[in-house]
Amino acid sequence: MSVLDVLSVASEAYPLIKTGGLADVVGALPSALAEEGIRVRTLIPGYPTVLAAMDDATETPLPPAVSAQTGLAGRVLAAEIRGLDTLVLDIPELFARNGNPYAGPDGQDWPDNAMRFAALARTAAEIGMDGVAGWTPAIVHAHDWQAGLAPAYLHYRGATRPRTVMTVHNLAFAGKVPLDLREAIALPPEALGVEGVEFYGAISLLKAGLQFADRITTVSPTYATEILTPEGGMGLDGLLRRRAGVLSGILNGIDMQAWDPSSDMMLAARYGPAIMQVRASNKADLQRRMGLDIRPDALLFGVVSRLTWQKGLDMLLEALPTLIAAGAQLAVLGAGDEDIEAGFLAAMAANPGQVGCIVGYHEQLAHAIQAGSDALLVPSRFEPCGLTQLYALRYGSVPVVARVGGLSDTVIDANPMALGAGVATGLQFTPVTAERLAAAISRAADLYADRPTWARMQACGMASDVSWRGPARQYARLYRGLMTAP
Ligand code: ADP
């Protein structure tokens, strides 16, 4: 099997820089693909944390087209950083900033995001055409709107170009930028129009990728069908239906090393399927840290999530009386909309010992919740794949999820047949309403009361294959198929 070279381009990659699931995927997929004979190099922006993690980098000049497009000085650095073969676009004027990749410390989007991510995508396209330090990829794989212009730039370079793949991790983020930036981001006049990159009076960088990539993937089979409908298509369903022949859904896996309860140093105690009794100390540790009563027998629900409308956590606030009445506990870690943050903080004040909430982003506490909770709630209104339910499966926390997107593809609902066959791994509810969520919480409480059944569900979840092995094989097949396609 010949080695195939792929340039992956994204705005985040774990463990260098992460705001969400995108980083987990971009960071973990390359090593899984290596087993399939695919060599991936990953291009990300040179944020301060990324540069700080590099030592021994080799330096190449910016591609001339990128210098011309940005009018800025910079370079491309190549280094292996924490196992990831990384290319870093170092343009200090664009990326050397405190704050997160998209917004400043005040939470406002950086006003020049269009220029920043156009520079990233343009660099990917130029490396695709001319290579970097003697290496030229056969395929450029763009992730989400931040990289969406890469397939468009390559499309306009003509027939002799690398093949392109666009992966949608979340269709809700269209990457809208003003129409009058067309020239500044180096798109030709014919790129405008609804058959091009125009989207409701603006340019959508995501649409650019969807329009021009040779293949489109998204992160679960169910989401791949949902985005073809007006309800799930976020205004792009027409385009996606037209391109349905090149669209497919490939589930995400998880980083099996970073998320392994038997070796996870972020936990109070390590455990595995054969030593589940040890898990109780993680539960007690979590209860202590979240200000909950130390009650081994209370059903402890966990949440690790962005606190946004998408994630449906406003519905959890509505369903809270059911959880409280069942004598259960809730541990929430998240950040996002002020209203939802305030709602959980108020719920904590009103239910001391039963509800705990920490607003913020804490990697270690995220692990502690997976290891210490009995069940993990994911009531998303839509969910392209979702990673937290996959971590929950591996950590023996029973996922209670909305039946949407990747959540419906990864959790086997504890219906009577599944329970009878001993294959249930969690609970699903539909439609996605506060009432049905409350009913699912009650159903979880009933199941938890039957400890042997609960333990069986935990064991089934922990035995589920949530690794990248299967997904990597599918990406490899997609790449190889693309190379032989006419
Ligand atoms: P999304 O990418 O839509 O936010 P995913 O479930 O795909 O949702 O991925 C979320 C990732 O971010 C997971 O790795 C999860 O553990 C992590 N995460 C979310 N919120 C927090 C938080 N407040 N603290 C730590 N990790 C978080």
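These numbers come from a predicted model, not from an experiment. Atoms within a ligand are numbered from 1 in the order they appear, just like the ligands themselves. The basis for the numbers below is simple: all heavy atoms, side chains too, and nothing from hydrogens, waters or symmetry mates.
Closest to atom 23 (N) of ligand 1 among all protein heavy atoms lies G360 O, 2.8 Å. Here the heavy atom of the protein found nearest to atom 10 (C) of ligand 1 is G21 N, 3.8 Å. Considering only non-hydrogen protein atoms, atom 25 (C) of ligand 1 sits nearest to H362 O, 3.4 Å. Regarding atom 22 (C) of ligand 1, its nearest protein heavy-atom neighbour is Y361 CD1, 3.5 Å. Protein heavy atom in closest approach to atom 7 (O) of ligand 1: L387 N, 3.5 Å. In this structure, the protein non-hydrogen atom closest to atom 12 (O) of ligand 1 is K18 CE, 3.8 Å. Protein heavy atom nearest atom 15 (C) of ligand 1, with residue, atom name and distance: T388 CG2, 3.7 Å. From the protein, the heavy atom lying nearest to atom 4 (O) of ligand 1 is R306 NE, 2.8 Å.
The OG atom of S220 sits 8.5 Å away from atom CG of N252, with the distance rounded to the nearest 0.5 Å.
Judged by the 6.0 Å distance and 45° axis criteria, R436 is not positioned over the aromatic ring of F429.
Inspection of the D409 and T222 side chains reveals an N or O donor paired with an N or O acceptor under 3.5 Å. Between H367 and Y391, the side chains place no donor N or O within less than 3.5 Å of an acceptor N or O (distance only, hydrogens not considered). Counting only N and O atoms by type, the side chains of N100 and Y361 include no donor and acceptor under 3.5 Å apart.
Near S305, meaning under 4.0 Å from any of its heavy atoms, are these atoms of ligand 1: 20 (N). Under a 4.0 Å criterion applied to the non-hydrogen atoms of D24, ligand 1 contributes the atoms 11 (C), 13 (C), 14 (O). Atoms of ligand 1 found under 4.0 Å from any heavy atom of G334, numbered from 1 in the order shown, are 23 (N). Close approach of ligand 1 to A366 is summarised as follows: ligand atoms under 4.0 Å from at least one heavy atom of the residue are 25 (C), 26 (N).
Between T19 and ligand 1, not a single N/O pair is under 3.5 Å apart. Between K311 and ligand 1, an N or O atom pair is found at a separation short of 3.5 Å.
In summary, the aromatic rings of Y102 and W110 are positioned with their centroids too far apart to meet the 6.0 Å limit.
Counting heavy atoms of neighbouring residues, nucleotides and ligands inside a 6.0 Å radius, atom CD of E338 does not exceed 12 of them.
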*asked:* For a ring pair (Phe, Tyr, Trp, His ring centres under 6.0 Å) check, start with the C-alpha distance between W454 and Y448, then their side-chain angles and the critical distance, and finish with the verdict.
replied: CA-CA 6 Å; W454 192 265; Y448 186 68; 5.2 Å; yes

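Residue contacts with ligand 1: Y14 is excluded, as none of its non-hydrogen atoms falls under 4.0 Å.
Between D337 and R306 there is no salt bridge, since none of the side-chain N atoms of the basic residue sits less than 4.0 Å from a carboxylate O of the acidic one. Salt bridge present: E363 and K18 bring a charged side-chain N and a carboxylate O closer than 4.0 Å.
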